[in-house]
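Computed from a prediction, not measured in an experiment: that's the story for all the values here.
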Amino acid sequence: MSKTAEKRLPDTGAALPDPNRWKALVFIALAQLMVVLDATIVNIALPSAQQDLGISDGNKQWVITAYALAFGGLLLFGGRIADLWGRKRTFTTGLIGFAAASAIGGAANSEAMLLGARALQGVFGALLAPAALSLLAVTFTSPKERAKAFGIFGAIAGGGGAVGLILGGFLTEYLDWRWTFFVNIPFAIVAALGAYFVIREPAGGRNRSALDIPGVVLSTLGLVSLVYGFTRAESNGWGDTSTISLFVASVVLLGLFVRVEGKVKAPLLPLRVVTNRNRAGVYLSLGLAIIGMFGLFLFLTYYLQVVEGYSPVKTGFAFMPMIVGMVTGSTQIGARLMTRVPPRLLMGPGFLLAAVGMLLLTQLEIGSSYTGLILPAELLLGLGMGTAFMPAMSLATHGIEPRDAGVASAMVNTSQQVGGAIGTALLNTIAASATTSYIASHAAGASDPQLLQLQALVSGFSSAIWWAVGILVVAATIALTFINTGRPGTSPSASGGAGEGAEDEVQMPVAMH
């Protein structure tokens with residue numbers, strides 16, 4: 001802790017803000033961008049990597065799944081490690097490890113080496129992501145500054161996936177698929193150096209209780225079973241014995257986890273973190289919104305490349321309106337209104353606006369106008385999600401004690417990661433089923449089999465996007481009904497329970513500011 005950051009205001013005894021906090025935000029945001037990019041950047045490079053390393057069609061999904069399983073399964077553990085070790089140390093360790101894993105992935109000369117590198121990226125990503133968000137939560141204490149900081153962070157968290165598609169297209173088309181891994185190394189080095197020299201973690205925020213080993217084992221196995229269950233459903237079907245077994249195992253393991261957490265002295269996930277109705281509303285609504293979002297990335301990428309014949313780079317640029325919408329929604333709408341209106345009045349309408357954008361995309365056909373349909377749909381979707389993401393990210397640590405900040409942050413990332421895995425599997429399965437049905441019902445009168453295949457593909461996308469619209473409406477309903485905290489006040493309250501049934505003028509706790 002720097003001497004400057006330890007100075008106190010003479011009248012109140014409150015700590016002065018860290019003078020380097022805005023510089024710190026640059027490096028925290030850079031690390032978050034790297035993690036979010038990695039969720040999509042490899043997707044565009046996957047066909048090239050598959051051909052180069054001789055990966056079978058049956059195993060290609062593991063390039064994505066290995067990362068998702070390690071990342072999603074270990075996030076709670078990573079959040080607890082951040083609270084135990086210190087967020088700055090965990091953040092730096094995660095960055096160095098992620099860079100090393102990326103170097104191995106880029107240099108991979110076999111399928112096993114690539115899959116191992118992806119799993120290792122997931123492990124260090126699970127350390128890095130909650131540490132980044134919790135550092136942000138404890139660094140910015142002023143309501144207005146916190147709103148701006150989380151606006152930037154929310155824009156990156158929401159738009160980074162689309163940026164990954166653009167960058168992945170460029171690297172794959174003009175360099176080599178290996179650069180989708182190597183590109184992480186400079187990101188990580190710059191962020192790690194910035195963390196070492198600039199970031200200052202406030203004192204007294206660690207949770208030095210003994211690690212809850214049963215909780216670690218049960219939560220990791222339960223989350224891995226859940227994520228893998230949806231992955232198996234996508235490839236083997238929902239009625240497959242292995243798929244059902246994984247879902248049953250997940251319910252049993254996570255049920256045992258909740259029971260253990262209610263009894264142990266130092267739980268991995270203190271139940272107070274998730275039983276607060278505002279945080280529960282954030283985790284549920286955000287997870288559901290991500291389900292729809294990730295499904296759209298998948299369908300729109302395939303529509304533009306397979307149906308419309310876009311190149312990888314052109315496909316990436318086609319997502320630009322969504323990125324612009326997200327950045328605008330986070331920094332110009334969400335950040336400006338966060339200190340003036342209750343979070344539910346940003347999150348609920350934000351998800352509904354995104355649903356309207358998604359609704360437009362249900363009209364997709366072969367040859368649909370990009371400027372007349374896709375562009376306005378992307379803008380609405382981006383504006384809505386950006387407006388909702390920013391207060392969601394900030395509210396995730398609402399009323400939380402500093403010693404629980406890492407775990408609360410990990411829950412946000414867990415809801416996003418699990419939501420992404422569910423969205424990809426669920427909506428892709430719906431689309432595939434609708435595509436098969438379309439071919440079966442139209443095959444008799446079809447004169448061009450290739451055209452029929454494309455029409456069936458688009459029909460499948462449209463059917464799945466209708467589901468995404470419904471999911472976003474449910475997310476908006478949860479945000480409007482569960483979240484009842486008021487707008488941030490002008491003076492801090494020591495109470496950690498503020499917001500439970502409070503009116504709009506309620507003052508937010510110090511941890512929220």
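In plain terms, the two heavy atoms of Leu95 and Ala192 that are nearest each other are CD1-N, 3.5 Å. The heavy-atom pair separating Ser368 from Gln363 by the smallest distance is OG-O, 4.0 Å. Taking each heavy atom of Ala318 and Leu304 in turn, the nearest pair found is CB-CD1, 3.6 Å. Closest approach of Glu378 to Met320, counting heavy atoms only: OE1-N, 4.3 Å. Listed here is the closest heavy atom pair of Ala82 and Thr90: CA-OG1, 3.3 Å. Between Ala377 and Gly357 the shortest heavy-atom distance is CB-O, 3.3 Å.
Phe71 has its side chain within reach of Val35: a pair of non-hydrogen atoms, C-beta onward, lies under 4.5 Å apart. In this structure, Phe389 and Ile290 have side chains that are in contact, with non-hydrogen atoms separated by less than 4.5 Å. Side-chain atoms of Phe351 and Leu288, non-hydrogen and from C-beta on, never get closer than 4.5 Å to each other. Residues Ile55 and Leu114 are in side-chain contact: their nearest non-hydrogen atoms beyond the backbone lie under 4.5 Å apart. Within the 4.5 Å cutoff, side-chain heavy atoms of Phe182 are placed close to those of Ile185.
In this structure, Tyr67 and Phe98 have perpendicular ring planes: the angle between them is above 60°, well past the 30° mark.
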Test side chain to side chain contact (heavy atoms under 4.5 Å, CB included) applied to Asp176 and Leu171, step by step: CA-CA 6 Å; Asp176 185 78; Leu171 294 173; over 6 Å; no
Under the side chain to side chain contact (heavy atoms under 4.5 Å, CB included) rule, what do Val282 and Met411 come out as? Steps first, then yes or no, please. CA-CA 10 Å; Val282 168; Met411 278 300 299; over 6 Å; no
Carefully, step by step, assess Trp238 and Leu426 under the rule side chain to side chain contact (heavy atoms under 4.5 Å, CB included). CA-CA 9 Å; Trp238 296 96; Leu426 175 65; 3.7 Å; yes
Please report the C-alpha distance between Leu127 and Leu74 in whole Å, then the side-chain angles of each, then the deciding distance to 0.1 Å, and finally whether the side chain to side chain contact (heavy atoms under 4.5 Å, CB included) criterion is met. CA-CA 8 Å; Leu127 282 179; Leu74 292 170; over 6 Å; no
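Although no hydrogens or angles enter the test, the distance criterion places a donor-acceptor pair under 3.5 Å between the side chain of Arg279 and the main chain of Val273. Of the possible donor and acceptor atoms, one in the side chain of Arg277 sits under 3.5 Å from a partner among the backbone N and O of Phe482. Checked by atom type and distance alone, the side chain of Arg344 never pairs as donor or acceptor with a backbone atom of Leu480 at under 3.5 Å. Thr387 places a side-chain N or O within 3.5 Å of a backbone atom of Leu383 that can act as its donor or acceptor partner. Listed for the Ser441 side chain is a donor-acceptor partner under 3.5 Å among the backbone atoms of Ser437. Under the 3.5 Å distance criterion, the side-chain polar atoms of Arg118 are left unmatched by any main-chain donor or acceptor of Ala70. Gln32 places no side-chain N or O within donor-acceptor distance of the main-chain N or O of Ala129, the cut-off being under 3.5 Å. In this structure, the side chain of Ser285 does not engage the main chain of Ala475 through any donor-acceptor pair within 3.5 Å. When atom types are taken as modelled, the side chain of Asn278 and the backbone of Asn484 share a donor-acceptor pair closer than 3.5 angstrom.
Phe181 meets the ring-ring contact (aromatic ring centres under 6.0 Å, His included) test with no other residue; sequence neighbours excluded.
Here the straight-line distance linking atom CD1 of Ile483 with atom CG of Leu284 works out to 9.5 Å at 0.5 Å rounding. Remark: Met358 CE to Leu352 CG distance equals 12.5 Å, nearest 0.5 Å. Taking CG of Leu373 as the start and CD of Glu365 as the end, the distance is 9.0 Å to the nearest 0.5 Å. Rounded to the nearest 0.5 Å, atoms CG (Leu361) and OH (Tyr303) are 9.5 Å apart. Rounding to the nearest 0.5 angstrom, the gap separating the OG1 atom in Thr435 from the CD1 atom in Ile430 is 11.5 Å. Interatomic distance, CD of Gln121 versus CG of Leu128, reported as 11.5 Å (0.5 Å rounding).
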Name every donor-acceptor pair, under 3.5 Å, that has one atom in a side chain of residues 450-472 and the other anywhere in the protein, sequence neighbours excluded.
{"residue": "Ser462", "atom": "OG", "partner": "Thr362", "partner atom": "O", "Å": "2.7"}
{"residue": "Ser463", "atom": "OG", "partner": "Ser459", "partner atom": "O", "Å": "3.1"}

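Tested against Leu353, the residues Leu379, Ile333, Leu380 include a single side chain to side chain contact (heavy atoms under 4.5 Å, CB included) partner, Leu380.
Contacts classified as side-chain hydrogen bond (donor to acceptor under 3.5 Å, both in side chains) and involving residues 179-195 (residues at least two apart or in different chains) are given here: Asp38-Asn184, Ser102-Asn184.
Ring centroid separation for the pair Phe170 and Tyr174 comes in under the 6.0 Å cut-off.
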